[in-house]
Amino acid sequence: MTLPVMKNFINGEWVESKTTTFGDVWNPAKGEKIATVPYGVKEDVDMAVQAAKAAYPEWRATPPLSRARYLFRLKEAFEENFEEIARVLTTEQGKAIDDSRGEVRRMIENVEHATAVTTLMTGYTLEDIAKGIDCYGHRQPMGVFAAIVPFNFPGMVAWWFLPYALVSGNTFIVKPSEQVPMTQAKIFEIVEEVGFPEGVVNLVNGSRDVVNGLLDHPDIQGISFVGATPTAKYIYERCGATGKRVQALGGAKNIVGVMPDANVDDAIPSLITSFFGCTGQRCLSGSILAPVGDIAGELKEKFIAAAKNITVGSGLDEKTAMGPLAGAQHKERVLSYIEKGIAEGAELLLDGRNYTVPEYPNGYFVGPTIFDNVRPDMTIASEEIFGPVLTTVRVPDYEAAIKLIHNNQYANGVAIFTRDGDAARDFVNRIEVGMVGINVPIPVPVGYHSFGGWKKSLFGSHHIYGPDTIHFYTRLKAVTSRWPTGIKAGAQFNFPTMS
Ligand code: NAD
């Protein structure tokens with residue numbers, strides 16, 4: 001059977017890459033090749049940049065509300081194709097179909113929010129900063145932007161950026177993850193139907209050469225990146241060297257603290273989703289469970305019982321709660337972390353190695369895995385595993401939990417479970433992490449609140465989507481204005497006198 005070969009979408013057309021190097025796309029539940037992806041070259045990037053650059057002047061001059069109308073149409077088209085996008089996503093990425101539906105819903109949410117451009121993009125003004133002089137500021141678009149995105153959210157992540165960049169008047173290029181290019185291909189078929197002006201939205205497939213082509217291209221103004229921390233740091237530094245705007249989101253190691261007063265029965269379902277949902281491959285997945293004091297015993301028992309009940313299988317089966325890992329290599333990486341945990345002396349309570357799903361013998365499955373009595377200096381407590389592996393680091397008290405969180409090199413998300421409002425408020429106030437959950441273990445901000453970690457989880461000064469985003473995709477023009485006039489200030493009006 002001939003496999004589909006992914007194409008690029010440039011200047012409103014589907015075109016073949018100029019490359020001679022290709023990679024495979026896999027169905028992780030079946031361990032089967034399902035498509036071929038070009039590892040694009042600099043010529044592909046240049047074609048896309050030229051198209052985006054040529055489209056920019058007219059797109060910038062299109063009134064903001066007219067630009068938003070394309071997004072209104074796109075939202076409707078996404079709703080009509082909702083289930084199909086989710087199914088393509090699960091087929092290539094592996095996650096449970098309900099997780100894919102959630103991802104598509106979040107993608108659409110950003111399209112919806114970006115339609116508010118007429119209020120999001122307004123500047124400011126102050127009259128009479130001196131006699132007869134007014135001062136105002138416009139936010140103006142900058143040109144061509146690009147997004148480079150990871151394998152774990154093949155649909156949503158590009159759309160954390162694209163709607164806002166476009167609606168504020170820029171043109172755009174998306175570089176999907178080479179592991180999961182089919183979802184954006186499906187999404188861009190819908191983009192094509194909606195009929196944006198040629199060159200306004202473009203898609204280039206590939207891996208490092210395409211990334212470097214984007215980073216070095218003189219006609220790209222800025223890069224939005226999401227991926228692992230070493231790549232994020234590299235992107236940030238290279239954009240610095242070439243003078244581009246950059247927001248580079250990196251990895252995570254999210255800690256969930258459970259206070260002795262927490263209601264464990266109430267917390268368990270959402271904790272299970274946090275640690276094992278999307279097979280642990282969310283940047284806001286729980287990774288370390290930190291029971292405070294003597295709640296550890298109850299938590300351990302209830303966690304193991306609930307984790308054993310998780311239905312693991314193909315993401316396309318409605319009953320599946322946890323799909324396979326996204327790739328064979330990634331499965332090996334997760335397994336190697338489990339081996340390291342055992343070797344370093346952590347206590348393995350639930351072992352997800354050698355997990356088989358009889359109907360899918362070649363799938364990249366790892367079952368829910370739970371470690372207890374993990375020390376903070378162990379590899380599994382300090383490095384990002386990005387799989388269904390829960391590491392329990394017991395802490396004696398609240399201050400020890402804070403210390404554990406602050407010693408972590410990442411600071412993407414964190415959560416605390418408690419019934420004590422005083423502890424919760426102190427936690428929010430002191431904790432040095434970008435996204436905080438109070439009795440909410442996956443604290444992903446909605447589209448109209450900005451998203452971003454601190455420390456090694458984000459390089460750059462702007463969080464993404466929500467209010468921060470327009471500042472990233474626009475620059476401020478400050479105008480100080482005075483008009484020569486023959487009218488004596490105030491003389492034309494009969495100002496009421498104060499009585
Ligand atoms: P990755 O860094 O390997 O790849 C991300 C993108 O960068 C891909 O498009 C890839 O082609 C490109 N890339 C990879 N290595 C490169 C290199 N050396 N030079 C140039 N380009 C390169 O990340 P991934 O494995 O696809 O995704 C998983 C990571 O993403 C995890 O660390 C996860 O925490 C992180 N992530 C973070 C967030 C967040 O919001 N902070 C969200 C999702 C995923």
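For ligands, and for the atoms within them, numbers begin at 1 and follow the listed sequence.
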Novice: Kindly assign one of parallel, tilted or perpendicular to the pair F459 and Y236, based on the angle between their ring planes and the thresholds 30° and 60°.
Specialist: tilted
Novice: Give me the nearest non-hydrogen protein atom to atom 14 (C) of ligand 1 as residue plus atom name, then the distance to 0.1 Å.
Specialist: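 For atom 14 (C) of ligand 1, the nearest protein heavy atom is T231 CG2, 3.7 Å.
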Novice: Should the proximity of R282 to ligand 1, defined as any heavy atom under 4.0 Å, be assigned to the side chain, the backbone, both, or neither?
Specialist: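 It is neither part, as no heavy atom is under 4.0 Å.
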Novice: Are K75 and E79 within salt-bridge range, i.e. N to O under 4.0 Å?
Specialist: yes
Novice: Is it true that the NZ or CZ of K53 lies under 6.0 Å from the centre of Y56's six-membered ring and within 45 degrees of the ring axis?
Specialist: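 No, a cation-pi geometry is absent between K53 and Y56.
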Novice: For A228, counting its heavy atoms only, list the atoms of ligand 1 lying under 4.0 Å from any of them.
Specialist: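 Those of ligand 1 that fall under 4.0 Å from A228 are 1 (P), 2 (O), 23 (O), 29 (C), 30 (O), 32 (O).
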Novice: For ligand 1, is any non-hydrogen atom under 4.0 Å from N412's backbone (N, CA, C, O), its side chain (CB onward), both, or neither?
Specialist: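 Just the side chain.
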Novice: Tell me the closest heavy-atom pair linking Y473 and R245, and the distance in Å.
Specialist: N-NH1, 4.4 Å
Novice: Does W160 approach ligand 1 within less than 4.0 angstrom via side chain, backbone, both or neither, non-hydrogen atoms only?
Specialist: side chain
Novice: Which of the atoms in ligand 1, numbered in the order shown and given with their element, are less than 4.0 Å from a heavy-atom of K175?
Specialist: 8 (C), 9 (O), 10 (C), 11 (O)
Novice: As an exercise, identify every atom of ligand 1 less than 4.0 angstrom from a heavy atom of V226.
Specialist: 5 (C), 36 (N), 37 (C), 38 (C), 39 (C), 42 (C), 43 (C), 44 (C)
Novice: Can you tell me the protein heavy atom closest to atom 30 (O) of ligand 1 and the distance?
Specialist: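 Nearest neighbour among protein heavy atoms for atom 30 (O) of ligand 1, to 0.1 Å: G227 C, 3.0 Å.
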Novice: Taking all non-hydrogen atoms of both residues, which atom of E43 and which atom of K18 are closest, and how far apart?
Specialist: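 That would be CB-CG, 4.0 Å.
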Novice: Could you list which atoms of ligand 1 come closer than 4.0 Å to a heavy atom of F451?
Specialist: 40 (O)
Novice: When you compare ligand 1 with I148, is there at least one nitrogen or oxygen pair between them that comes in under 3.5 angstrom?
Specialist: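 Min N/O separation from ligand 1 is not below 3.5 Å for I148.
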Novice: Nearest protein heavy-atom contact for atom 7 (O) of ligand 1: which residue, which atom, what distance?
Specialist: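 Protein heavy atom at minimum distance: F225 CE1, 3.3 Å.
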Novice: Distance to 0.1 Å, residue and atom name: give those for the protein heavy atom nearest to atom 8 (C) of ligand 1.
Specialist: V149 O, 3.3 Å
Novice: Return yes if a side-chain donor-acceptor contact under 3.5 Å exists between E92 and T183, otherwise no.
Specialist: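 Yes, because at least one side-chain N or O of E92 sits under 3.5 Å from a partner of the opposite role on T183.
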Novice: Below 4.0 Å, non-hydrogen atoms only: which portion of L284 touches ligand 1? Side chain, backbone, both or neither.
Specialist: neither
Novice: For atom 37 (C) of ligand 1, what's the nearest protein heavy atom and its distance?
Specialist: G250 O, 3.1 Å
Novice: Within ligand 1, which atoms have a heavy atom of N152 less than 4.0 Å away?
Specialist: 43 (C), 44 (C)
Novice: With heavy atoms only and a cut-off of under 4.0 Å, state how V211 meets ligand 1: side chain, backbone, both or neither.
Specialist: side chain
Novice: Consider ligand 1: state whether an atom of it lies below 4.0 angstrom from any non-hydrogen atom of G453.
Specialist: no
Novice: Nearest protein heavy atom to atom 10 (C) of ligand 1, by residue and atom, and its distance?
Specialist: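 I find the closest protein heavy atom is E178 OE1, 3.6 Å.
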Novice: Are any of the protein's heavy atoms under 4.0 angstrom from atom 26 (O) of ligand 1, yes or no?
Specialist: yes
Novice: Decide, yes or no, whether a salt bridge links K186 with E84 under the criterion of side-chain N to carboxylate O below 4.0 Å.
Specialist: yes
Novice: Can you confirm whether the side chains of D44 and S17 place a donor and an acceptor under 3.5 Å from each other?
Specialist: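 Note: D44 and S17 side chains meet the donor-acceptor criterion.
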Novice: Are the ring centres of F275 and F303 closer than 6.0 Å?
Specialist: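 Between F303 and F275, which both carry aromatic rings, the centre distance is below 6.0 Å.
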Novice: Below 4.0 angstrom from a heavy atom of G251, which ligand 1 atoms are there? Numbered from 1 as shown, please.
Specialist: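 Answer, ordered by atom number: 32 (O), 34 (O).
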Novice: With heavy atoms only and a cut-off of under 4.0 Å, state how E384 meets ligand 1: side chain, backbone, both or neither.
Specialist: side chain
Novice: Strictly under 6.0 Å, is that where the ring centroids of H449 and Y465 end up?
Specialist: no
Novice: What protein heavy atom sits nearest atom 24 (P) of ligand 1, and how far away is it?
Specialist: F151 CD2, 3.5 Å
Novice: Do we see a donor-acceptor contact under 3.5 Å between the side chains of S287 and K253?
Specialist: yes
Novice: Pick from I148, V226, L162: which one makes a side-chain contact (heavy atoms from CB on, under 4.5 Å) with V157?
Specialist: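 For V157, the side-chain contact (heavy atoms from CB on, under 4.5 Å) check succeeds only for V226.
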Novice: What pair of heavy atoms forms the shortest contact from D219 to V144, and how long is it?
Specialist: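 Minimum heavy-atom separation between D219 and V144: O-CB, 3.6 Å.
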Novice: Should E344 and R375 count as an ion pair when the cut-off is N to O under 4.0 Å?
Specialist: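 Salt bridge between E344 and R375, a charged N being under 4.0 Å from a carboxylate O: no.
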Novice: At what distance is the nearest protein heavy atom to atom 38 (C) of ligand 1, and which residue and atom is it?
Specialist: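 Looking only at protein heavy atoms, the one closest to atom 38 (C) of ligand 1 is C283 CB, 3.1 Å.
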